[in-house]
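What follows is one structure encoded as structure tokens, with my remarks underneath.
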Protein chains: 2
Amino acid sequence: MPSNVAQDSITADDVAELAGVSRWTVSRAFKKDASISAKSRKKVLEAATELGYAPDLLAASLASDKSNLVALLVDDFANPHKLVMMERLTRILRKNGWDTLLVNTLDENDASAALMNASQRRVDAAVLIGVNFNDQELAAALGARRVKKLIVFARSSENPNTISICCDDRSAMTEITGHVIRKGYRRPLFLAGPQTQSAHLMRKETFVRLWHEANGDRPDFISVGSYDPALAYQSVADRMRNSTTDARPDVVVCENDALAMGAVDAIRYELGLKVPQDIAVTGFDDVPQAASPHYLLTTYRQPISAMAEGLVQVLKGESDTTDLCRFSGQLIIRDSA
Amino acid sequence: MPSNVAQDSITADDVAELAGVSRWTVSRAFKKDASISAKSRKKVLEAATELGYAPDLLAASLASDKSNLVALLVDDFANPHKLVMMERLTRILRKNGWDTLLVNTLDENDASAALMNASQRRVDAAVLIGVNFNDQELAAALGARRVKKLIVFARSSENPNTISICCDDRSAMTEITGHVIRKGYRRPLFLAGPQTQSAHLMRKETFVRLWHEANGDRPDFISVGSYDPALAYQSVADRMRNSTTDARPDVVVCENDALAMGAVDAIRYELGLKVPQDIAVTGFDDVPQAASPHYLLTTYRQPISAMAEGLVQVLKGESDTTDLCRFSGQLIIRDSA
DNA sequence: TTTTTTGTTGCACGCGTGTGCAAAAATTGC
DNA sequence: GCAATTTTTGCACACGCGTGCAACAAAAAA
């Protein structure tokens, strides 16, 4: 090999030389609101285009201690709603300058290992959209100051060190309950997900309380180990197979659409009954499949985009923190109830 | 503030001091197969645990020119199969030391902008699991040496600068076609996705060719603009609404499950017909929903995990490159055909 | 024209780690 | 017990860019 000229990576120095300015001016040309004349910015950008230069975000992160990276922790890939959230979050984050590190926490025994790993990449924040996070572990991870901001998305969290961005579960469930009561159903069954974390109990408790206030009795409920339609199918089938028609619920109120879809299928294909004539079903999330003619789920749509914008505010440090858990969505009434 | 002691970030220097060794020994303690004595590694690791130290991956990437980061480009969030692939890829990549940058390319007018962005983070490779990638743009992005490796996952690509990891579409479709022919269907309709890229045509062309060889006639087909069940629903409904029973297809062979699910729903809820008695349907991918009693799709399961392991081989630079497009999956026969 | 103000540019230093090589220590052979 | 090995350790330098400040030029005011 004859010479040792720099081969692939062009740096700001190269651009500086070509543009006839200093390296720092190059840096400024790429920074919005930087103190630089229009003339030299133009010079620099032209030189950059000619050389095919783009700033190295790794080096920038190291130097500025801001990575513009957000870790997205997910542990529940059976729920199609996660796909919706990922799409919305990645898009809106990107629009605002953040990239997304997707972390699958299914294998980790605890989320803090994943958090640790994310922190090694200096993420500006970790966003949890999963379900199985132990509040104590989160607290520990934050205590060790491993990650700058910890945000629980689309779920309420009681952990004071955590920022929760979600819609008002209580008022949402109140709408659903009101609809169910108005429709005149008499024997509800609440289908809940994992009962391990307190944050998951809100929807159930709200429903149970409101129902009791309205009708005097306390609705029955069952829970499944994860938000998986197949599991919900099994649970509902097992539960109802031996019920007499009289003892059978006439409406299944589900914690979310993933469970509701399993419930609908079980009612139809396992019990041979009709939805909603024999048993009605409600969901939560309004996943795309909920609108299909097969399900036509009555459900509740969270304002994911607005919530994602709220997340951006938090990242920018411009949030009022107070209203982040009071987003309100929309009850979507379809045929299933 | 009285003193200026280092507050949050503990570096290798801190650990070195506590362990009584040099910073470079600390570095070695965290590197597998490094030349270091068991004794000093133990000392270092204990000190690290005590201080809560973890190596900074940003600085490491910068120094070593290896980021252990892979960009995953996705532009198709309506297809539930993407969720399966993301889960599998993130898990297996992580197990092998790579983190995943999730890039939503829905908004980008072209994938090369997304590639550029990923390259600024020095990703070791970009993995495409989307659909709307223009081969010319890919070539341009690679030509500018913006990204080290470009991998097309679960799709074949003719671009020579690209590494394609996928199952053998031809033999997979041959299995499906064989099943359809053996079942004795007479009037097939092929339901295809976007017809913009040549890589998408393989399944259709294989089916059409084999069918023609077997039965002499050429099957009809329609295509939809994206792999979205709702779109497939519309297309199938529009297509068949006015068909007489005789002219109607008796089997709809779909490019994947997302389309097949839309087709099944259209047949049932728009045309009021039965699957498979009136019209049969086949899919591709074996998404979780395909196994639900509502669809029971006859479909083809790709060996995603094995393919992901193949991807790891490529990342490690240990691949034989040849067999990467010859993975073979499994025909899953259910009730829909 | 001189002084003040505003706008623009250059630079030393730091961010936290890896690499390759040379010095030092530990181990082995005779 | 000494030399030849092998293992282990330390170090200068590099990675590419941002920050804060000081120097400089240009425009505005006097």
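Just so we're on the same page: letters track the sequence lines, and every chain starts at 1.
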Using a cut-off of under 3.5 Å, enumerate the N/O to N/O pairs linking the protein to nucleotides 16-18 of chain C.
residue, atom, partner, partner atom, Å
C:dG16, OP1, B:S9, OG, 3.2
C:dT17, OP1, B:Y53, OH, 2.6
C:dT17, OP1, B:D56, N, 3.1
C:dT17, OP2, B:A12, N, 2.7
C:dT17, O4, B:R23, NH2, 3.3
C:dG18, OP2, B:S27, OG, 2.1
C:dG18, O6, B:R23, NH2, 3.1
C:dG18, O6, B:W24, NE1, 3.3

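- Counting heavy atoms of neighbouring residues, nucleotides and ligands inside a 6.0 Å radius, atom NZ of A:K316 exceeds 12 of them.
- Listed for the B:N104 side chain is a donor-acceptor partner under 3.5 Å among the backbone atoms of A:E87.
- B:K149 is not listed as a side-chain neighbour of B:D124, based on a closest heavy-atom distance of 4.5 Å or more.
- Minimum heavy-atom separation, B:C166 to B:R155: CB-N, 3.4 Å.
- Each of B:T90, B:N96, B:L89 was evaluated against B:I92; a single residue qualifies, B:N96, per the side chain to side chain contact (heavy atoms under 4.5 Å, CB included) test.
- Residues B:N68 and B:W98 come closest through the heavy atom pair C-CD1, 3.2 Å.
- A:S35 comes within 4.0 angstrom of a nucleotide base, judged by non-hydrogen atoms across all strands.
- Taking both residues in full, the closest heavy atoms of B:R23 and B:A12 are given as CG-CB, 3.7 Å, listed atom of the first, atom of the second, then distance.
- The side chain to side chain contact (heavy atoms under 4.5 Å, CB included) test with A:V123 is passed by exactly one of A:L72, A:V70, A:L101, A:V103: A:L101.
- Between chain A and DNA chain D, the heavy-atom contact criterion of under 4.0 Å yields a 5' to 3' nucleotide range of D:dG16 to D:dG20.
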